[in-house]
Amino acid sequence: MDIDWVYRYFDVMSKHFVKSLLAKGVFPDATTRWTALGYSFEDAMFRRFLMYAPFLHSEDAADHTLVDDNLARMRKEVEAYSGQRDPGRDTRERDRQDVLLFARMIKGMENGQGPPKTFAEFFFWIIFDAHYPIVAKYGRYPYRNDGNARKYTEEEKEFMKLTDGFKRAPMIKEEVKRLAEHVKNGTWEERSDQRPLK
C-alpha cells in the first residue's frame, strides 16, 4: 500500500516544491549554477533533470508543456558537450503522439535491449517525450488507477490490455478496496518499512 503514499503524497509534494521554486525565481536550472558549486557538467545536468522529474510524472498535461522548452534546452547543451546530434529530434513529433511508446521502451529494457549506456544516450533517450502522449490522451496515467483508487474507463482498459498491464501497481483486490476507503475518508495507512534488518 506504499503506492498510496507515492501517488497521493510524495508526487504531490515534490511537484508543489518545484513549482514554488519556479514561482520564487530560485529554481536551480542553470548548468553554471551547479558547476560553480563544483559539480561536473554531467552531474549538473542530471540534477537539473531530477528537478524536472515531478513534472514528467504529473498527470496534468500543462506540467509537461511547462518543462518542454527546458528539457529541449538541456538536450541541446548535451549535444554541444558530447559533440553528438540528438536522434530524438527526427522522431519527436511522432513520439509525442504515440501512447504506447513508454510501454515499448520499458518492455524493451526488460527484454534485454537495455537502458542507455552513456550520458549523452540518457539525455537523448526519448523517455522525456514518452510520458506526454499518455497524459494528453487519457488525462492521467491509466496504470496509476489502482494506486489512486480510480475506476478504469473503457479506453483505459484497452490501453492496459494493449500494454499487457504496463506499470500497473502490484496490488491485490483487498488492497485496492482498502485504498478506495482511505481515499473516500481522507485517511492514510501507515507506511511499511520493508528494509532488511541490520
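Values in this document were obtained by computation on a predicted structure and should not be read as measured data.
- A continuous path of ILVMFWY side-chain contacts below 4.5 Å connects L179 to Y7, so both sit in one hydrophobic cluster.
- Between T65 and Y132 the shortest side-chain heavy-atom distance falls below 4.5 Å.
- Considering all non-hydrogen atoms of both residues, E156 and K151 come closest at OE1-O, 3.8 Å.
- Under the 4.0 Å criterion applied to side-chain N and carboxylate O atoms, D68 and R96 are assigned as salt-bridge partners.
- Of all heavy-atom pairs spanning A61 and V135, the tightest one is N-CG1, 3.5 Å.
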>> Under the criterion side chain to side chain contact (heavy atoms under 4.5 Å, CB included), I'd like the reasoning laid out for F159 against T153: C-alpha separation, chi angles, the key distance, then a yes or no.
In response: CA-CA 10 Å; F159 171 83; T153 66; over 6 Å; no
> Can you list the steps and then say if F102 with F166 is a ring-ring contact (aromatic ring centres under 6.0 Å, His included)?
Replying inline: CA-CA 9 Å; F102 190 34; F166 173 70; 5.2 Å; yes
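- Listed for the H64 side chain is a donor-acceptor partner under 3.5 Å among the backbone atoms of S58.
- Residues P54 and F17 have side chains not in contact (no heavy-atom distance under 4.5 Å, counting atoms from C-beta outward).
- At a threshold of 4.5 Å between side-chain heavy atoms, the hydrophobic network of Ile, Leu, Val, Met, Phe, Trp and Tyr places F119 and Y39 in two separate groups.
- Minimum interatomic distance between A180 and A149 (heavy atoms only, all atoms of both residues): CA-CB, 3.5 Å.
- Between E79 and R89 a salt bridge is recorded (basic side-chain N to carboxylate O distance below 4.0 Å).
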> Can R104 and T163 be said to form a side chain to side chain contact (heavy atoms under 4.5 Å, CB included), step by step?
Replying inline: CA-CA 8 Å; R104 281 197 314 274; T163 62; over 6 Å; no
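- Within 6.0 Å of NZ on K167 lie no more than 12 heavy atoms contributed by other residues, nucleotides or ligands.
- Taken from CG in L37 to CG in D43, the straight-line distance is 11.5 Å, to the nearest 0.5 Å.
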> Between F49 and F122, does a ring-ring contact (aromatic ring centres under 6.0 Å, His included) hold up when you go through it step by step?
Replying inline: CA-CA 11 Å; F49 164 70; F122 175 79; 5.3 Å; yes
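- Of all heavy-atom pairs between F124 and S82, the closest is CZ-OG, 4.1 Å.
- To the nearest 0.5 angstrom, D11 atom CG is 8.5 Å from N148 atom CG.
- Salt bridge status for R85 with D90: present, with a side-chain N to carboxylate O gap under 4.0 Å.
- Here CD of Q97 is found 11.0 Å from NZ of K137. Values are rounded to the nearest 0.5 Å.
- The residues K19 and D63 are annotated as salt-bridged, a charged nitrogen and a carboxylate oxygen being separated by less than 4.0 angstrom.
- Following chains of ILVMFWY side-chain contacts shorter than 4.5 Å, one cannot reach V12 starting from F55, and the two form parts of different hydrophobic clusters.
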> Run the side chain to side chain contact (heavy atoms under 4.5 Å, CB included) check on E42 and Y81 step by step: do they pass?
Replying inline: CA-CA 9 Å; E42 293 180 7; Y81 171 78; 3.1 Å; yes
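- The 12-atom threshold is exceeded at CG of N185, counting heavy atoms of other residues, nucleotides or ligands nearer than 6.0 Å.
- Side-chain atoms of E59 and Y138 include no donor-acceptor pair closer than 3.5 Å.
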>> Test ring-ring contact (aromatic ring centres under 6.0 Å, His included) on F123 and F46; report intermediate values, then the result.
In response: CA-CA 9 Å; F123 272 92; F46 190 70; 7.3 Å; no
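- Heavy atoms only, all atoms of each residue included: E77 and F41 are closest at O-CZ, 3.8 Å.
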>> Using the rule given for side chain to side chain contact (heavy atoms under 4.5 Å, CB included), can you reason through D95 versus D98, listing the C-alpha separation, both sets of side-chain angles and the distance that settles it, and then say yes or no?
In response: CA-CA 5 Å; D95 294 340; D98 185 352; 5.6 Å; no
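- Around the NZ atom of K76, the shell of radius 6.0 Å holds no more than 12 heavy atoms that belong to other residues, nucleotides or ligands.
- The pair E154-K157 meets the salt-bridge criterion, since a charged nitrogen lies less than 4.0 angstrom from a carboxylate oxygen.
- W34 contributes a side-chain N or O that, together with a main-chain N or O of P28, makes up a donor-acceptor pair within less than 3.5 Å.
- The existence of a salt bridge linking R73 and D29 is confirmed by a sub-4.0 Å separation between a basic side-chain nitrogen and an acidic carboxylate oxygen.
- Note: M74 CE to D86 CG = 12.0 Å, rounded to the nearest 0.5 Å.
- How far CG of L22 is from CG of N70: 8.0 Å, rounded to the nearest 0.5 Å.
- Here the CZ-CZ distance, from R150 to R144, works out to 8.0 Å after rounding to the nearest 0.5 Å.
- Contact check on D129 versus R75 returns a salt bridge, with a Lys/Arg side-chain nitrogen under 4.0 Å from an Asp/Glu carboxylate oxygen.
- The same ILVMFWY cluster, assembled from side-chain heavy atoms under 4.5 Å apart, contains both L50 and L66.
- Inter-residue side-chain proximity for Y152 and Y143 is flagged as unmet; no heavy-atom pair is nearer than 4.5 Å.
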